[in-house]
S.K.: 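Okay, handing you the structure first.
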There are 2 protein chains.
Amino acid sequence: MSRNVNRPFSPSVEDYVKVIYKLQQSGESVSTNAVSRRMKTTPAAASKMFKVLADMKLIEHTPYYGAKLTLPGEKVALEVIRHHRLLELYLHQALGYGWDEVDAEAEKLEHHISEEFEDRIDQMLDYPKLDPHGDPIPTREGTIEPLRGTSLVDSEAGETVTVLRVQDDDPSALRFLAKMGVRLNGQIRVVDKQPFNGPLTLQIAESEHTLGRELAGQIFVESYSEQEIAVGGETWK
Amino acid sequence: MSRNVNRPFSPSVEDYVKVIYKLQQSGESVSTNAVSRRMKTTPAAASKMFKVLADMKLIEHTPYYGAKLTLPGEKVALEVIRHHRLLELYLHQALGYGWDEVDAEAEKLEHHISEEFEDRIDQMLDYPKLDPHGDPIPTREGTIEPLRGTSLVDSEAGETVTVLRVQDDDPSALRFLAKMGVRLNGQIRVVDKQPFNGPLTLQIAESEHTLGRELAGQIFVESYSEQEIAVGGETWK
DNA sequence: AGTATTTTTTGAACTTGGTTAAATTATAAC
DNA sequence: GTTATAATTTAACCAAGTTCAAAAAATACT
């Protein structure tokens with residue numbers, strides 16, 4: 001196993017690359033605007049950083065159009081994301097952190113752990129494949145499984161689905177959903193779906209709840225029949 | 001417990017304060033030179049930083065003479081040291097890090113863990129009092145027990161002593177001592193002590209070893225009879 | 001005491017990552 | 001197709017933390 005033993009990139013560079021990676025999953029080319037919004041800086045800062053990243057060959061940047069990661073850039077992003085998701089799972093499993101707490105702590109630590117630390121918690125967790133929100137953990141080698149599930153908003157009334165993944169960025173949303181009974185690998189029956197972008201009525205465990213389109217969009221599911229065995233992230237506080 | 005919930009100091013400031021704390025344990029006033037040597041920067045950088053720290057009221061600095069921590073400065077230092085030593089012990093106990101490996105990893109993480117993390121590993125470790133090298137772990141409240149033991153070089157031939165503490169800065173020295181059988185809370189019999197700053201002959205477990213004054217100076221012991229129960233850091237890889 | 005040496009501080013300059021305001025380019029609207 | 005608007009980049013500047021070289025102060029030497 002060789003792999004970049006010394007990560008020569010600053011936390012800031014790592015963060016930009018990570019954000020670009022996530023943004024380019026949805027749309028093709030990534031704009032300075034989109035990046036700066038996510039990073040809570042100004043577009044000017046992102047624009048400058050794009051130049052730095054382009055010099056480092058981590059992105060290809062066509063001025064006024066946007067950027068996309070190079071192969072090395074993608075490797076860097078996946079290494080950071082690997083750290084993040086391993087840390088999330090570790091904090092959850094080993095230290096009892098809640099669903100909603102892991103993201104913030106992992107965010108701070110992801111740039112500062114050694115490969116040694118990464119390997120040890122990976123081993124401790126028995127080489128997990130998913131983080132506590134159902135996101136795939138990249139491999140050491142820099143590969144990653146595709147995101148699983150389709151959005152709950154696309155399910156039809158009457159369907160019963162299994163929760164595979166939940167958007168992890170907003171702690172209060174996570175707490176809200178958890179309180180409602182939403183669990184990874186748990187079942188949800190779509191009782192009703194109001195038209196005109198109205199809320200969904202869901203049956204979770206024994207009780208019924210209504211949920212707005214926005215939050216429902218953050219839950220990714222598969223039809224109940226086609227389940228597989230989940231490998232990680234299946235325990236809860 | 002209130003305690004400074006947001007640590008508003010940069011990693012750099014925290015590091016300087018920590019180094020000053022350690023240096024002022026031996027000599028009274030701490031010089032920019034001594035600090036810069038430890039931090040592997042230039043005296044100019046330390047001199048600049050002394051001014052910053054003085055403005056922050058973390059140190060009192062008399063130009064051309066030296067500096068010492070204020071009470072708030074000491075609190076900051078002890079908080080950082082608490083993080084460091086808790087992390088060392090956690091890495092050792094929970095993740096199987098070796099004696100010699102914990103310092104470097106803790107060094108990187110100490111500035112980036114939350115109070116939440118600190119509390120959780122503290123609890124996980126059952127509120128330990130000593131780190132894996134026998135150094136006392138400061139309390140949340142910013143107090144610390146005095147360093148235990150007297151240097152092995154001051155022991156006389158014929159004495160049998162218990163190892164209470166070992167200097168932690170040099171990993172290769174730690175590996176060397178570990179290979180020789182030096183263990184926290186282990187016994188050492190001083191068989192002989194050559195004059196003219198010559199080496200000591202030690203009996204550790206069944207075998208005899210010779211050890212130079214320099215390394216012997218890094219081992220802190222107490223006379224075998226006056227032992228107490230050690231509360232933390234007593235297990236080994 | 002007076003000079004030489006060492007230590008400490010200061011000043012100018014650089015790097016990284018940020019801001020605000022102005023200029024530039026793309027996109028949308030009529 | 002010109003014009004208005006929105007997005008992007010550039011320019012000038014700030015702050016933290018560093019370096020190197022020079023100046024200033026303390027210490028040591030004889």
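All chains are named by letter (A, B, ...) in the order of the sequence lines, taking the proteins before the strands, and each is independently numbered beginning at 1. These numbers were taken from a predicted model, which means no experiment stands behind them. Computed over heavy atoms, backbone and side chain alike; hydrogens, waters and symmetry mates excluded.
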S.K.: Using the six-membered ring wherever Trp is involved, compare the ring planes of B:Trp99 and B:His133 and label them parallel, tilted or perpendicular (cut-offs 30° and 60°).
M.R.: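 B:Trp99 vs B:His133 ring planes: parallel.
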
S.K.: For A:Gln25, check side-chain contact (heavy atoms from CB on, under 4.5 Å) against everything at least two apart and list the hits.
M.R.: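 So A:Gln25 forms a side-chain contact (heavy atoms from CB on, under 4.5 Å) with A:Tyr21, A:Leu147.
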
S.K.: B:Ser26: which residues meet the side-chain contact (heavy atoms from CB on, under 4.5 Å) condition with it, sequence neighbours left out?
M.R.: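 Checked B:Ser26 against side-chain contact (heavy atoms from CB on, under 4.5 Å); zero matches.
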
S.K.: Enumerate donor-acceptor pairs with a distance under 3.5 Å from any side-chain N or O in residues 37-59 of chain A to protein atoms, sequence neighbours excluded.
M.R.:
unit_1: A:Thr42; atom_1: OG1; unit_2: A:Ala45; atom_2: N; d: 3.3

S.K.: Where does the chain A footprint on DNA chain C start and end, counting 5' to 3' with a 4.0 Å heavy-atom cut-off?
M.R.: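 Result: C:dG17 to C:dT25.
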
S.K.: What's the verdict on side chain to side chain contact (heavy atoms under 4.5 Å, CB included) for B:Asp15 and B:Glu107, showing C-alpha distance, side-chain angles and the deciding distance?
M.R.: CA-CA 9 Å; B:Asp15 268 334; B:Glu107 194 70 33; 3.8 Å; yes

S.K.: In chain order, what residues pass the side-chain contact (heavy atoms from CB on, under 4.5 Å) check against A:Ser172, with sequence neighbours excluded?
M.R.: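 If we apply the side-chain contact (heavy atoms from CB on, under 4.5 Å) test to A:Ser172, skipping adjacent residues, the hits are A:Asp170, A:Arg175.
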
S.K.: If you take any heavy atom closer than 4.0 Å to DNA chain D, which residues from residues 43-57 of chain B end up in contact?
M.R.: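 Within residues 43-57 of chain B, the residues near DNA chain D are B:Ala44, B:Ala45, B:Lys48, B:Met49.
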
S.K.: I'd like to know if B:Lys129 pairs up with B:Glu145 as an ion pair, taking the criterion as any Lys NZ or Arg NE/NH1/NH2 lying under 4.0 Å from an Asp or Glu carboxylate oxygen.
M.R.: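 A salt bridge is absent here (no side-chain N lies under 4.0 Å from a carboxylate O).
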
S.K.: Return the set of residues passing salt bridge (charged side-chain N to carboxylate O under 4.0 Å, His left out) with A:Arg213 (not counting sequence neighbours), or none when no residue passes.
M.R.: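 If we apply the salt bridge (charged side-chain N to carboxylate O under 4.0 Å, His left out) test to A:Arg213, skipping adjacent residues, there are no hits.
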
S.K.: Tell me what A:Ser12 touches on the nucleic acid: a base, only sugar-phosphate, or nothing, going by heavy atoms under 4.0 Å.
M.R.: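 A:Ser12: backbone/sugar contact only, no base atoms under 4.0 Å.
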
S.K.: Going by an N to O cut-off under 4.0 Å, is there a salt bridge joining A:Arg120 and A:Glu116?
M.R.: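 Here A:Arg120 pairs with A:Glu116 in a salt bridge, since their nearest N and O are under 4.0 Å apart.
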
S.K.: If we count only N and O atoms by modelled type, under 3.5 Å, do the side chains of B:Thr143 and B:Thr139 hold a donor and an acceptor together?
M.R.: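 The criterion, which ignores hydrogens and geometry beyond distance, is satisfied for B:Thr139 and B:Thr143.
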
S.K.: What pairs with B:Gln194 under side-chain contact (heavy atoms from CB on, under 4.5 Å), at least two apart in sequence or on another chain?
M.R.: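 With sequence neighbours excluded, B:Gln194 shows a side-chain contact (heavy atoms from CB on, under 4.5 Å) to B:Asp192, B:Pro199, given in chain and number order.
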
S.K.: For a quick check under 3.5 Å, do B:Asp131 and B:His92 share a side-chain donor-acceptor pair by atom type?
M.R.: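 Looking only at side-chain atoms, B:His92 and B:Asp131 do not form any donor-acceptor pair under 3.5 Å.
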
S.K.: What is the 5' to 3' range of DNA chain D, first to last nucleotide, that sits under 4.0 Å from any heavy atom of chain B?
M.R.: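 First-to-last contact on DNA chain D, by the 4.0 Å heavy-atom rule, is D:dG17 to D:dA26.
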
S.K.: Which residues, if any, of residues 31-39 of chain A bring a heavy atom under 4.0 Å of DNA chain C?
M.R.: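 Per residue number, the list is empty: none.
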
S.K.: Who are the salt bridge (charged side-chain N to carboxylate O under 4.0 Å, His left out) partners of A:Glu60, not counting sequence neighbours?
M.R.: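 Once residues adjacent in sequence are excluded, A:Glu60 has no partner under the salt bridge (charged side-chain N to carboxylate O under 4.0 Å, His left out) criterion.
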
S.K.: Indicate whether any N or O donor in one side chain lies under 3.5 Å from an N or O acceptor in the other, for B:Glu88 and B:His84.
M.R.: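 Result is yes, a qualifying pair exists.
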
S.K.: Can you sort out which residues in residues 60-67 of chain A have a heavy atom within less than 4.0 Å of DNA chain D? Ascending by number, please.
M.R.: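 Only A:His61, A:Pro63, A:Tyr64 qualify.
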
